[in-house]
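Bear in mind the structure is a predicted one, so any value in this text is a computation, not a measurement. Numbering starts at 1 and runs along the sequence shown.
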Amino acid sequence: MTNALTTAAAGFGTGLSLIVAIGAQNALVLRQGVRREAVLAVVVICALSDAVLIALGVAGVGAVVVAWPSALAVVSLVGGVFLIVYGVLAARRAFRPSALHPQNAPSGAKRGAVLACLAMTWLNPHVYLDTVFLLGSVAADRGPLRWTFGLGAILASVCWFAALGFGARLLSGVLARPSSWRVLDGLVAAMMIGLGTRLVLTA
């Protein structure tokens, strides 16, 4: 019992250390959380996607994927292009910021957020590297307790995305001014375009 709890805690800590790093997915969850648009859907998509990918990694799928390196190159190229496009849109918002009015969200904003979240998650090769490959390899060293390690990592993902998405509304007062959104979208644009360019160049 003690070994299982220790292993689960190790999985939680390892998963959290990989997820907390600011990236494209976290930036999207933060933005939706602040705007209070499709927060539950975005959090569920991110957490559920991570759970599926972590499970695949623990099951050893990563070793199989390595046999087809061209597949990862294709994902890198497509994901890179998507991130660049998203970054350009964020840059355009930065030049034309608006105040935060969640209750006046335009029609189709929630659907767009869900689609962007799905693309940001499944077209981002870094997600595969962190979950399927890295967490999967670490879990493999746990032997018969590898699934306990995986469950700990999945729990970390659920806790992080829930805290980020629903806790972001605490920043709504700060981001009620257009100038604040200019800074946030500017940072998001720089991050997305930078990551996307790197992925395209290394594909």
Side-chain angles (χ1 to χ4, degrees), residues 1-34 36 38-76 79 83 113-171 191 195 198-199 202:
M1 182 66 176
T2 302
N3 288 338
L5 290 176
T6 301
T7 301
F12 186 93
T14 303
L16 199 61
S17 66
L18 294 174
I19 298 168
V20 169
I22 296 299
Q25 192 180 45
N26 284 339
L28 177 64
V29 176
L30 177 62
R31 191 175 198 283
Q32 294 307 127
V34 171
R36 303 181 191 180
V39 181
L40 179 60
V42 167
V43 168
V44 170
I45 289 171
C46 290
L48 185 59
S49 297
D50 264 15
V52 171
L53 292 170
I54 291 172
L56 291 175
V58 174
V61 174
V64 177
V65 177
V66 171
W68 290 280
S70 58
L72 190 57
V74 172
V75 173
S76 295
L83 290 178
V114 169
L115 293 176
C117 183
L118 287 170
M120 197 80 68
T121 300
W122 292 95
L123 293 180
N124 186 354
H126 289 292
V127 174
Y128 295 92
L129 293 175
D130 288 344
T131 54
V132 178
F133 296 102
L134 185 54
L135 279 175
S137 62
V138 175
D141 293 334
R142 299 288 173 165
L145 290 176
R146 65 184 186 279
W147 286 106
T148 303
F149 181 91
L151 287 175
I154 291 173
L155 180 60
S157 178
V158 173
C159 291
W160 169 251
F161 286 121
L164 185 63
F166 293 104
R169 66 184 58 190
L170 298 176
L171 299 174
M191 182 187 306
L195 288 173
R198 186 173 64 180
L199 289 175
T202 58

Novice: What are the two closest non-hydrogen atoms of A156 and G15, and how far apart are they?
Specialist: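 Scanning both residues, the minimum pair turns out to be CB-C, 4.2 Å.
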
Novice: Could you check W160 against L155 for side-chain contact (heavy atoms from CB on, under 4.5 Å), going step by step and ending with a plain yes or no?
Specialist: CA-CA 9 Å; W160 169 251; L155 180 60; over 6 Å; no

Novice: Determine the minimum heavy-atom distance between A55 and W147, stating which atoms define it.
Specialist: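 Closest pair (atom of A55, atom of W147, distance): O-CH2, 3.5 Å.
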
Novice: Do you know which two heavy atoms are closest between L28 and C117, and how far apart they sit?
Specialist: CD2-CA, 3.3 Å

Novice: Taking the side chain as everything from C-beta on, heavy atoms only, tell me whether D50 gets closer than 4.5 Å to F161.
Specialist: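 Yes, at least one pair of side-chain atoms sits under 4.5 Å.
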
Novice: Between F12 and C159, what is the shortest heavy-atom contact and its length?
Specialist: CE1-SG, 4.2 Å

Novice: Report the residue from T121, L164, V158 that forms a side-chain contact (heavy atoms from CB on, under 4.5 Å) with C46.
Specialist: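 Result: among T121, L164, V158, T121 is the only option passing the side-chain contact (heavy atoms from CB on, under 4.5 Å) with C46.
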
Novice: Taking the side chain as everything from C-beta on, heavy atoms only, tell me whether T14 gets closer than 4.5 Å to F149.
Specialist: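 The answer is yes; the side chains approach within 4.5 Å.
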
Novice: Report the C-alpha separation of I54 and V58 in whole Å, then their side-chain angles, then the decisive distance to 0.1 Å, and conclude whether the side-chain contact (heavy atoms from CB on, under 4.5 Å) test is met.
Specialist: CA-CA 6 Å; I54 291 172; V58 174; 4.2 Å; yes

Novice: Mind listing the closest non-hydrogen atom pair of T148 and A4 along with its distance?
Specialist: CG2-O, 3.3 Å

Novice: Just how far is it from atom CG of L48 to atom OG of S157, taken to the nearest 0.5 Å?
Specialist: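 Going from the CG atom of L48 to the OG atom of S157 covers 9.5 Å.
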
Novice: As a test of understanding, state which of V114, L40, V42, V43 forms a side-chain contact (heavy atoms from CB on, under 4.5 Å) with Q32.
Specialist: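 The passing option is V42.
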
Novice: Rounded to the nearest 0.5 Å, what separation is found between the CZ atom of R169 and the CZ atom of R36?
Specialist: 5.5 Å

Novice: Atom CE of M120 and atom CG of L115: how far apart are they, to the nearest 0.5 Å?
Specialist: 11.5 Å

